[in-house]
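Every value quoted in this text rests on a predicted model; they were computed, and no experiment measured them. Numbers restart at 1 for each chain; the letters A, B, ... are given by sequence-line order, proteins then strands.
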Amino acid sequence: DQQVKQNSPSLSVQEGRISILNCDYTNSMFDYFLWYKKYPAEGPTFLISISSIKDKNEDGRFTVFLNKSAKHLSLHIVPPQPGDSAVYFCAAWWSGNTGKLIFGQGTTLQVKP
Amino acid sequence: SQTIHQWPATLVQPVGSPLSLECTVEGTSNPNLYWYRQAAGRGLQLLFYSVGIGQISSEVPQNLSASRPQDRQFILSSKKLLLSDSGFYLCAWSRGDFNTEAFFGQGTRLTVV
(Lines give C-alpha, C1' and ligand atoms only; values in the text may rest on other atoms or scores of the structure.)
Protein backbone atom coordinates (compact mmCIF):
# COMPACT_ATOMS: atom_id res chain seq x y z
CA ASP A 1 0.00 0.00 0.00
CA GLN A 2 1.55 3.27 -1.13
CA GLN A 3 -0.58 6.04 0.26
CA VAL A 4 0.02 9.46 1.70
CA LYS A 5 -2.99 10.81 3.53
CA GLN A 6 -4.02 14.25 4.67
CA ASN A 7 -7.24 13.66 6.53
CA SER A 8 -8.13 17.28 7.14
CA PRO A 9 -9.39 18.92 3.94
CA SER A 10 -9.28 22.36 5.51
CA LEU A 11 -7.92 24.29 8.48
CA SER A 12 -8.65 27.80 9.65
CA VAL A 13 -6.40 29.63 12.11
CA GLN A 14 -6.00 33.13 13.43
CA GLU A 15 -3.00 35.15 12.36
CA GLY A 16 -0.21 34.84 14.93
CA ARG A 17 -1.43 31.53 16.36
CA ILE A 18 0.37 28.27 15.62
CA SER A 19 -0.79 26.32 12.57
CA ILE A 20 -0.31 22.55 12.43
CA LEU A 21 -0.91 20.52 9.29
CA ASN A 22 -0.89 16.74 9.54
CA CYS A 23 0.01 13.91 7.20
CA ASP A 24 0.07 10.13 7.53
CA TYR A 25 1.65 7.49 5.34
CA THR A 26 0.91 3.83 5.07
CA ASN A 27 4.25 2.18 4.44
CA SER A 28 7.70 2.43 5.97
CA MET A 29 9.16 2.16 2.47
CA PHE A 30 8.56 5.91 2.18
CA ASP A 31 11.86 7.41 3.27
CA TYR A 32 11.92 11.11 2.41
CA PHE A 33 9.12 13.58 2.96
CA LEU A 34 8.30 17.01 1.61
CA TRP A 35 5.75 19.76 2.06
CA TYR A 36 4.52 21.92 -0.80
CA LYS A 37 2.36 25.01 -0.97
CA LYS A 38 -0.02 25.60 -3.85
CA TYR A 39 -2.10 28.53 -5.02
CA PRO A 40 -5.00 28.06 -7.46
CA ALA A 41 -4.05 27.61 -11.11
CA GLU A 42 -0.36 27.38 -10.25
CA GLY A 43 2.12 24.57 -9.75
CA PRO A 44 3.07 23.63 -6.19
CA THR A 45 6.18 25.20 -4.70
CA PHE A 46 8.53 23.38 -2.38
CA LEU A 47 8.55 24.43 1.29
CA ILE A 48 10.55 22.05 3.42
CA SER A 49 11.64 18.42 3.55
CA ILE A 50 12.83 15.81 6.02
CA SER A 51 14.71 12.56 5.70
CA SER A 52 13.57 9.44 7.53
CA ILE A 53 16.79 9.50 9.56
CA LYS A 54 15.71 12.74 11.23
CA ASP A 55 12.74 13.67 13.39
CA LYS A 56 12.76 17.44 12.92
CA ASN A 57 13.77 20.00 10.33
CA GLU A 58 13.33 23.74 10.67
CA ASP A 59 13.43 26.56 8.12
CA GLY A 60 12.36 29.95 9.38
CA ARG A 61 8.69 29.88 10.36
CA PHE A 62 8.27 26.33 9.04
CA THR A 63 9.14 23.19 11.02
CA VAL A 64 8.45 19.62 9.98
CA PHE A 65 8.28 16.83 12.55
CA LEU A 66 8.50 13.16 11.66
CA ASN A 67 7.27 10.31 13.87
CA LYS A 68 8.38 7.14 12.09
CA SER A 69 6.79 4.73 14.53
CA ALA A 70 3.41 6.37 13.97
CA LYS A 71 4.07 6.95 10.25
CA HIS A 72 3.07 10.54 10.79
CA LEU A 73 4.49 13.92 9.97
CA SER A 74 3.35 17.43 10.66
CA LEU A 75 4.11 20.93 9.41
CA HIS A 76 4.14 23.70 11.98
CA ILE A 77 3.87 27.30 10.85
CA VAL A 78 4.79 29.75 13.59
CA PRO A 79 3.44 32.32 13.35
CA PRO A 80 1.08 31.92 10.41
CA GLN A 81 0.40 34.96 8.26
CA PRO A 82 -2.51 35.73 5.90
CA GLY A 83 -0.13 35.24 2.95
CA ASP A 84 0.29 31.62 4.04
CA SER A 85 -3.30 30.90 3.03
CA ALA A 86 -3.04 28.21 0.34
CA VAL A 87 -3.34 24.47 -0.18
CA TYR A 88 -0.58 22.48 1.50
CA PHE A 89 0.46 19.11 0.17
CA CYS A 90 2.46 16.45 1.91
CA ALA A 91 4.57 14.23 -0.37
CA ALA A 92 6.78 11.20 0.08
CA TRP A 93 9.46 9.40 -1.91
CA TRP A 94 9.16 5.64 -2.25
CA SER A 95 12.54 4.20 -1.32
CA GLY A 96 14.71 2.11 -3.60
CA ASN A 97 15.50 4.79 -6.18
CA THR A 98 12.30 4.12 -8.08
CA GLY A 99 11.61 7.74 -8.94
CA LYS A 100 8.14 7.56 -7.42
CA LEU A 101 6.91 10.66 -5.56
CA ILE A 102 3.45 10.35 -4.01
CA PHE A 103 1.31 13.27 -2.84
CA GLY A 104 -1.48 13.53 -0.32
CA GLN A 105 -4.88 15.06 -0.98
CA GLY A 106 -3.93 18.47 0.36
CA THR A 107 -5.18 20.68 3.20
CA THR A 108 -6.54 24.15 2.52
CA LEU A 109 -5.19 26.55 5.13
CA GLN A 110 -6.91 29.83 5.78
CA VAL A 111 -5.13 32.32 8.01
CA LYS A 112 -7.48 35.00 9.26
CA PRO A 113 -6.17 38.49 10.03
CA SER B 1 19.41 27.83 -13.44
CA GLN B 2 16.83 25.19 -14.18
CA THR B 3 13.44 26.01 -15.66
CA ILE B 4 10.45 23.93 -16.62
CA HIS B 5 8.05 24.87 -19.38
CA GLN B 6 4.61 23.40 -19.77
CA TRP B 7 2.07 24.30 -22.41
CA PRO B 8 -0.62 25.18 -23.17
CA ALA B 9 -1.89 26.88 -20.02
CA THR B 10 -5.54 26.17 -20.83
CA LEU B 11 -7.19 23.81 -23.26
CA VAL B 12 -10.80 23.03 -24.12
CA GLN B 13 -11.25 19.86 -26.11
CA PRO B 14 -14.31 17.91 -27.26
CA VAL B 15 -14.91 14.37 -26.10
CA GLY B 16 -13.22 11.91 -28.43
CA SER B 17 -10.55 14.30 -29.61
CA PRO B 18 -6.80 13.61 -29.16
CA LEU B 19 -4.56 15.29 -26.61
CA SER B 20 -0.92 16.25 -26.53
CA LEU B 21 0.59 18.19 -23.64
CA GLU B 22 4.28 18.97 -23.73
CA CYS B 23 6.77 19.68 -20.98
CA THR B 24 10.43 20.59 -21.33
CA VAL B 25 13.13 21.20 -18.76
CA GLU B 26 16.16 23.41 -19.24
CA GLY B 27 19.39 23.73 -17.33
CA THR B 28 19.77 20.16 -16.14
CA SER B 29 20.49 16.73 -17.57
CA ASN B 30 18.96 13.31 -16.98
CA PRO B 31 16.17 14.58 -14.74
CA ASN B 32 13.34 12.47 -13.42
CA LEU B 33 10.13 13.67 -15.05
CA TYR B 34 6.55 13.43 -13.81
CA TRP B 35 2.97 14.00 -14.87
CA TYR B 36 0.39 14.64 -12.16
CA ARG B 37 -3.31 15.44 -12.36
CA GLN B 38 -5.38 17.40 -9.91
CA ALA B 39 -9.07 16.78 -10.42
CA ALA B 40 -11.53 19.29 -8.98
CA GLY B 41 -11.31 19.24 -5.19
CA ARG B 42 -8.83 16.38 -5.23
CA GLY B 43 -5.17 15.87 -4.46
CA LEU B 44 -2.25 15.42 -6.82
CA GLN B 45 -2.49 12.06 -8.50
CA LEU B 46 0.72 10.65 -9.98
CA LEU B 47 0.01 9.55 -13.55
CA PHE B 48 3.42 8.77 -15.04
CA TYR B 49 7.05 9.11 -14.13
CA SER B 50 10.25 8.60 -16.05
CA VAL B 51 13.82 8.11 -14.88
CA GLY B 52 15.33 8.14 -18.40
CA ILE B 53 14.67 8.37 -22.12
CA GLY B 54 12.11 5.82 -23.18
CA GLN B 55 11.55 4.67 -19.59
CA ILE B 56 7.97 5.33 -18.55
CA SER B 57 6.22 4.04 -15.45
CA SER B 58 2.45 4.27 -15.29
CA GLU B 59 0.74 4.57 -11.95
CA VAL B 60 -2.93 4.37 -12.82
CA PRO B 61 -4.68 2.55 -15.67
CA GLN B 62 -6.37 5.23 -17.69
CA ASN B 63 -7.05 6.79 -21.02
CA LEU B 64 -3.67 8.51 -21.14
CA SER B 65 -0.13 7.67 -22.20
CA ALA B 66 3.24 9.35 -21.81
CA SER B 67 6.41 9.43 -23.83
CA ARG B 68 9.91 10.79 -23.32
CA PRO B 69 11.46 11.18 -26.76
CA GLN B 70 14.36 13.30 -25.49
CA ASP B 71 16.16 13.62 -22.17
CA ARG B 72 14.35 16.77 -21.10
CA GLN B 73 11.04 16.39 -22.92
CA PHE B 74 7.96 14.68 -21.51
CA ILE B 75 4.70 14.37 -23.43
CA LEU B 76 1.27 13.40 -22.18
CA SER B 77 -1.12 12.07 -24.80
CA SER B 78 -4.52 10.60 -25.38
CA LYS B 79 -6.05 9.19 -28.54
CA LYS B 80 -9.63 9.92 -27.47
CA LEU B 81 -10.46 12.19 -24.54
CA LEU B 82 -13.18 11.36 -22.03
CA LEU B 83 -15.13 13.82 -19.87
CA SER B 84 -13.35 12.33 -16.85
CA ASP B 85 -10.00 13.46 -18.26
CA SER B 86 -10.79 17.04 -17.30
CA GLY B 87 -8.48 18.44 -14.67
CA PHE B 88 -5.36 20.39 -13.92
CA TYR B 89 -2.27 18.65 -15.31
CA LEU B 90 1.12 19.33 -13.84
CA CYS B 91 4.54 18.40 -15.12
CA ALA B 92 7.44 18.22 -12.69
CA TRP B 93 11.12 17.35 -12.64
CA SER B 94 13.61 16.32 -10.00
CA ARG B 95 17.30 15.53 -9.96
CA GLY B 96 18.12 11.98 -10.87
CA ASP B 97 19.49 11.12 -7.44
CA PHE B 98 16.06 10.89 -5.73
CA ASN B 99 15.10 12.01 -2.23
CA THR B 100 15.12 15.61 -3.29
CA GLU B 101 12.59 18.25 -4.09
CA ALA B 102 10.61 18.18 -7.31
CA PHE B 103 9.91 21.36 -9.26
CA PHE B 104 6.63 21.96 -10.98
CA GLY B 105 5.50 23.71 -14.11
CA GLN B 106 2.61 26.15 -14.11
CA GLY B 107 0.09 23.50 -15.14
CA THR B 108 -2.47 23.01 -17.91
CA ARG B 109 -6.17 23.38 -17.22
CA LEU B 110 -7.88 20.82 -19.48
CA THR B 111 -11.63 20.93 -19.91
CA VAL B 112 -13.21 18.17 -21.95
CA VAL B 113 -16.65 19.16 -23.26
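Within a 6.0 Å radius of NZ in A:K5, no more than 12 heavy atoms belonging to other residues, nucleotides or ligands are found. Other residues, nucleotides and ligands contribute at most 12 non-hydrogen atoms within 6.0 Å of the CZ atom of A:R17.
Taken from CG in B:L44 to CD in A:Q105, the straight-line distance is 10.5 Å, to the nearest 0.5 Å.
The hydrophobic cluster containing A:V87 also contains A:F62, counting ILVMFWY residues as joined when their side-chain heavy atoms lie under 4.5 angstrom apart, directly or transitively. Linking ILVMFWY side-chain heavy atoms closer than 4.5 Å, directly or via other members, places A:L66 and A:M29 in a single hydrophobic cluster. Residues A:F33 and A:L75 share a single hydrophobic cluster, defined by chaining ILVMFWY side chains whose heavy atoms lie under 4.5 Å apart. Residue A:I20 is not grouped with residue A:L73 when hydrophobic side chains (ILVMFWY) are merged at heavy-atom distances under 4.5 angstrom, including chains of intermediate members. Side-chain heavy atoms closer than 4.5 Å link hydrophobic residues (I, L, V, M, F, W, Y) into clusters, and following such links, possibly through other members, connects B:V15 to B:L64.
For B:L90, the part sitting under 4.5 Å from any heavy atom of chain A is the side chain, from C-beta outward, and nothing else. Only the side chain of A:Y36 comes within less than 4.5 Å of a heavy atom of chain B; its backbone N, CA, C and O stay farther away. Using a 4.5 Å cut-off between heavy atoms, B:S94 touches chain A through its side chain atoms alone. The contact between A:L101 and chain B is made by backbone and side chain atoms together, counting heavy-atom distances below 4.5 Å.
The two residues B:F88 and A:E42 come nearest to each other via the heavy atoms CE2-O, 3.6 Å. Here the closest heavy-atom approach between residue B:N32 and residue A:W93 is recorded as ND2-CH2, 4.4 Å.
Residues A:K100 and B:Y34 fail the side-chain proximity criterion, which asks for heavy atoms closer than 4.5 Å. Inter-residue side-chain proximity for A:I102 and B:E59 is flagged as met; some heavy-atom pair is nearer than 4.5 Å.
Here the two rings, on A:F46 and B:F103, have centers that are 6.0 Å apart or farther. Between B:F104 and A:F103, the ring centre distance stays below 6.0 Å.
For the set A:G104, A:S51, A:P44, the entry with the most heavy-atom pairs within less than 4.5 Å of chain B is A:P44. Ranked by heavy-atom pairs under 4.5 Å with chain A, the first of B:Q45, B:Q106, B:Q6, B:R109 is B:Q106. Chain A forms the most heavy-atom pairs under 4.5 Å with one residue out of B:A102, B:G107, B:G105, and that residue is B:A102.
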